[in-house]
Amino acid sequence: MDYNPWPDDFFTRPTLDIAPALLGALLVRETPAGRLTARIVETEAYLQHDPACHGVRARPDGELYHRQTGRNTTMFGPPGRAYVYFTYGNHFMLNVVTGEEGMPEAVLIRALEPLAGAATMALNRGLPISPALTNGPGKLTRALAIDRALDGHDLTQPPLQLFLTTPLPEHRIVRTPRIGISKAVECPWRFYEHGNAWVSRK
DNA sequence: ACTACGATCTACT
DNA sequence: GTAGATCGTAGTG
């Protein structure tokens, strides 16, 4: 198996197009306990002129600028890689890097629908099989055993791969403001699959 | 060195 | 619905 899981021009598209286009895409995670497969059902876009983006800072006068740090370096690299970071003392977050190299943009994966390996995900979470396994960004990384070791990982390669599927029709995509941030709270850059039981919040 | 806070989760009222 | 856990990161002195 040695093919590109996405078209060559996929990551040249605007991040605000990629975020909804990733709905329905598959994540395949190889672990010692087996292969875990899940479908992306909720995403958020973080952009280069976005105060909520990790690569963006604001001067006292409000002017935005880019700042590369130890944590966010992967965001400034080539698209198609995983940006994984640690927060709140407990949780890892998984993003797909987008945008051209040198620009800090990414799509946060906020919820997954398990397709295979749900029993192993339940073991990783210490919970029975239910939407609680993967209906949040911190929950899904624990279910798939994703941590900082995968920061910068090329998502065309095992042990964590992304595969596109046919795009969802527009009427099945809901667009809302993002969750859990304190800046740019109004920007409607969160996307989820309408009616999907594994979405974090309606 | 010191401080503040976070793209969250869980438990509890 | 609300509060506490928990600690790495980044900014400041």
Practice task
Whenever both distances are under 3.5 Å in a Watson-Crick or G-U wobble pair, mark it; put DNA chain C into dot-bracket that way, with [ ] for crossing pairs and | when the partner is on another strand.
Solution key: |||||.||||||.
Quick one: side chains of residues 143-154 of chain A, donor-acceptor pairs under 3.5 Å with protein atoms, not counting sequence neighbours, listed by atom name and distance.
| from | atom 1 | to | atom 2 | distance (Å) |
| --- | --- | --- | --- | --- |
| A:Asp147 | OD1 | A:Ala149 | N | 2.9 |
| A:Asp151 | OD1 | A:Thr74 | OG1 | 3.1 |
| A:Asp151 | OD1 | A:Val84 | N | 3.0 |
| A:Asp151 | OD2 | A:Thr74 | OG1 | 3.2 |
| A:His153 | NE2 | A:Gln157 | O | 2.7 |
| A:His153 | NE2 | A:Leu160 | O | 3.0 |
| A:Asp154 | OD1 | A:Thr156 | N | 2.9 |
| A:Asp154 | OD1 | A:Thr156 | OG1 | 2.9 |
| A:Asp154 | OD2 | A:Thr156 | OG1 | 3.2 |

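Remark: A:Glu30 CD is packed, more than 12 non-hydrogen atoms of other residues, nucleotides or ligands lying under 6.0 Å away.
With distances taken from any side-chain atom of A:Thr87 to the nucleotides B:dG6, B:dC9, C:dT9, the minimum falls on B:dG6. In this structure, of C:dC7, B:dT8, B:dT10, it is B:dT8 that holds the atom nearest to the side chain of A:Met93.
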Check nucleotides 2-6 of chain C against the protein and report each pair of N or O atoms closer than 3.5 Å, with its distance, or say if there are none.
| from | atom 1 | to | atom 2 | distance (Å) |
| --- | --- | --- | --- | --- |
| C:dT6 | O2 | A:Tyr88 | O | 2.6 |

What protein N or O atoms touch nucleotides 11-13 of chain C N or O atoms at under 3.5 angstrom, if any, and at what distances?
| from | atom 1 | to | atom 2 | distance (Å) |
| --- | --- | --- | --- | --- |
| C:dG11 | OP1 | A:Arg57 | NH1 | 2.2 |
| C:dG11 | OP2 | A:Arg67 | NE | 3.4 |

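Between the C1' atom of B:dG6 and the CD atom of A:Glu44 lies a distance of 14 Å, rounded to the nearest Å. The nearest whole Å value for the distance from the CG atom in A:Asn72 to the P atom in C:dG8 is 18 Å.
Both stacking criteria are satisfied for A:Tyr46 over the base of B:dA7: a centre-to-centre distance under 5.5 angstrom and an angle between ring planes under 30 degrees.
Backbone-only engagement by A:Arg71 is indicated by non-hydrogen atom pairs under 4.0 Å involving sugar-phosphate atoms exclusively.
Near DNA chain B, defined here as any heavy-atom distance below 4.0 Å, the residues from residues 118-134 of chain A are A:Arg125, listed numerically. For the contact set between residues 186-202 of chain A and DNA chain B, defined by any heavy atom under 4.0 Å, there are no members.
In terms of position along DNA chain B, the nucleotide closest to A:Lys183 lies nearer the 5' end than the nucleotide closest to the other residue of the pair A:Lys183 and A:Leu140.
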